[in-house]
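In what follows, a single structure is set out as structure tokens and then discussed.
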Amino acid sequence: MAILALRKTGGGADFDRLTAVPEDVAAGKRFLGAGSDETQEGTMPVQGSPSIMLPANGSVTLPAGKYTGGKVSQQIATMGEQSIGPGAKQITINCAGKYMTGNIIIRPTKNLIISNIKKNQYVGGVGPGIWEGYVNDDPLTPYLYGTFYGNQGITSMRYTTYRQGTGKVSLSKDHIAASAGSGETIAYVFDLPIRLDGVKSLTVEMSGTGKTAKVLVCRGRATGYIEMVTQSGSSLKYEYNPALGDILLDGTIGRSSASGDVWNQQKTFGLSGLTGNAYLYIGASSPAFSFDLYFSKFNT
């Protein structure tokens, strides 16, 4: 009988096809990998599951390693739309470190135009200014060196009906100019009444080329003329326009003679003890006469 001998053979693991190296495996874990037929221990750091707070516009660098989870988050204060009115002082908008969810709006400054800015000056980058007048915010000062109070204004008329022509009134840089040629007279009334409660006097500053100008304060507002003249034979009768109502002040300013250089005067007229409203009139009954008003102020 023949005996057949059987030889047991087997193959080992093919380590040449393994690619893992210690830095690819978590630290403390053993493995079979490239570079050795023996078991090896991983060296990859185990980072766990970190929680990281990210600052505004910030970034984070994650170290190499094995992560079992983790969270990166931000907590930034927010600010909505802001509307800012400019002023004379610096304005700080406390938005540092905040996330804006709306716009910051700087409102425009009303009336910031060169006609409201002092000549040759700048305000907020606007200029150069061209304004040269005075600020007049006093209702008892109808006119101040080129500036009316509020909506105050004037309406011109002839002074007397005896002379048929009406002179001219114009607004100059710092005064109201009135002039009358031959056969003309001129006057004007301030359009808005003056409240006389507590008023003690009226001060005006004027200049002129003739003898005197008239300053009237009356209850009513007349138009057309101040003085009516009627003739009977060789005589003339002078009467004030009935629309003037009660005449509270009938004053003059100027000089005693019609000839001479231009006069310039400031004069105060008493008005104490009066109440209610009244209108201010300036005029002259003489022809070929010019006069200027620089200011008029009712004093308390």
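Worth knowing before you read on, the calculation uses all heavy atoms, side chains too, and leaves out hydrogens, waters and symmetry mates.
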What one should report as the nearest heavy-atom pair of Thr78 and Thr101 is CB-CG2, 4.1 Å

Decide whether Thr155 and Arg221 meet the rule of one side-chain donor and one side-chain acceptor closer than 3.5 Å.
yes

Return the CZ to CD distance between Arg158 and Glu227, rounded to the nearest 0.5 Å.
11.5 Å

Determine, stepwise, if the pair Val169 / Ile176 fulfils side-chain contact (heavy atoms from CB on, under 4.5 Å).
CA-CA 7 Å; Val169 175; Ile176 301 173; 3.7 Å; yes

Given side-chain contact (heavy atoms from CB on, under 4.5 Å), test Ser296 with Leu280 step by step and report yes or no.
CA-CA 9 Å; Ser296 55; Leu280 173 62; 3.8 Å; yes

Does a sphere of radius 6.0 Å around OH in Tyr99 hold more than 12 heavy atoms from other residues, nucleotides or ligands, not counting ones at 6.0 Å or beyond?
no

Verdict with reasoning, Tyr145 to Asn136, per side-chain hydrogen bond (donor to acceptor under 3.5 Å, both in side chains):
CA-CA 9 Å; Tyr145 296 114; Asn136 183 3; over 6 Å; no

So does Tyr162 have more than 12 non-hydrogen atoms from other groups sitting under 6.0 Å from OH?
no

Quick one: pull up CG in Leu244 and SG in Cys218 and give me the separation to the nearest 0.5 Å.
4.5 Å

Nearest heavy-atom contact between Glu205 and Leu293 is O-CD1, 3.6 Å

Closest heavy-atom contact between Pro142 and Gln152?
O-CG, 3.8 Å

Under a 3.5 Å threshold, yes or no: a donor from one side chain and an acceptor from the other, between Ser290 and Thr209?
yes

Check whether any side-chain heavy atom of Met53 sits under 4.5 Å from a side-chain heavy atom of Ser73, and report yes or no.
yes

pair Thr147-Val135: side-chain heavy atoms closer than 4.5 Å:
no

If you define the side chain from C-beta out and look only at heavy atoms, does anything of Lys237 sit under 4.5 Å from Val229?
no

Got more than 12 heavy atoms from elsewhere within 6.0 Å of CD, Gln75?
no

So does Lys211 have more than 12 non-hydrogen atoms from other groups sitting under 6.0 Å from NZ?
no

Straight-line distance of Ser272 OG to Lys200 NZ, nearest 0.5 Å
8.5 Å

Between Ala213 and Met206, what is the shortest heavy-atom contact and its length?
CB-CE, 3.8 Å

Check whether any side-chain heavy atom of Asn299 sits under 4.5 Å from a side-chain heavy atom of Lys297, and report yes or no.
yes

Checking Tyr294 against Gln266: is there a side-chain donor and acceptor pair closer than 3.5 Å?
no

Go through it in stages, so that I can follow the logic: the residues are Leu216 and Leu249, the test is side-chain contact (heavy atoms from CB on, under 4.5 Å), and I'd like the CA-CA distance, side-chain angles, deciding distance and then a yes or no.
CA-CA 5 Å; Leu216 302 174; Leu249 170 64; over 6 Å; no

Transitively linked via ILVMFWY side-chain contacts under 4.5 Å: Val215 with Leu274?
yes

Stepwise, does the side-chain contact (heavy atoms from CB on, under 4.5 Å) test hold for Phe269 with Thr203?
CA-CA 6 Å; Phe269 306 90; Thr203 301; over 6 Å; no

What is the minimum heavy-atom distance between Thr185 and Tyr159, and which atoms define it?
OG1-N, 3.0 Å

Nearest-0.5 Å distance that lies between atom OG1 in Thr212 and atom CZ in Phe291:
10.5 Å

For the rings on Tyr143 and Phe148, is their centre-to-centre separation under 6.0 Å?
yes

State, to 0.1 Å, how close Ala187 and Ile226 come at their nearest heavy-atom pair, and which atoms those are.
CB-CG1, 3.8 Å

Is atom CG of Asn151 surrounded by more than 12 heavy atoms (other residues, nucleotides or ligands) closer than 6.0 Å?
no

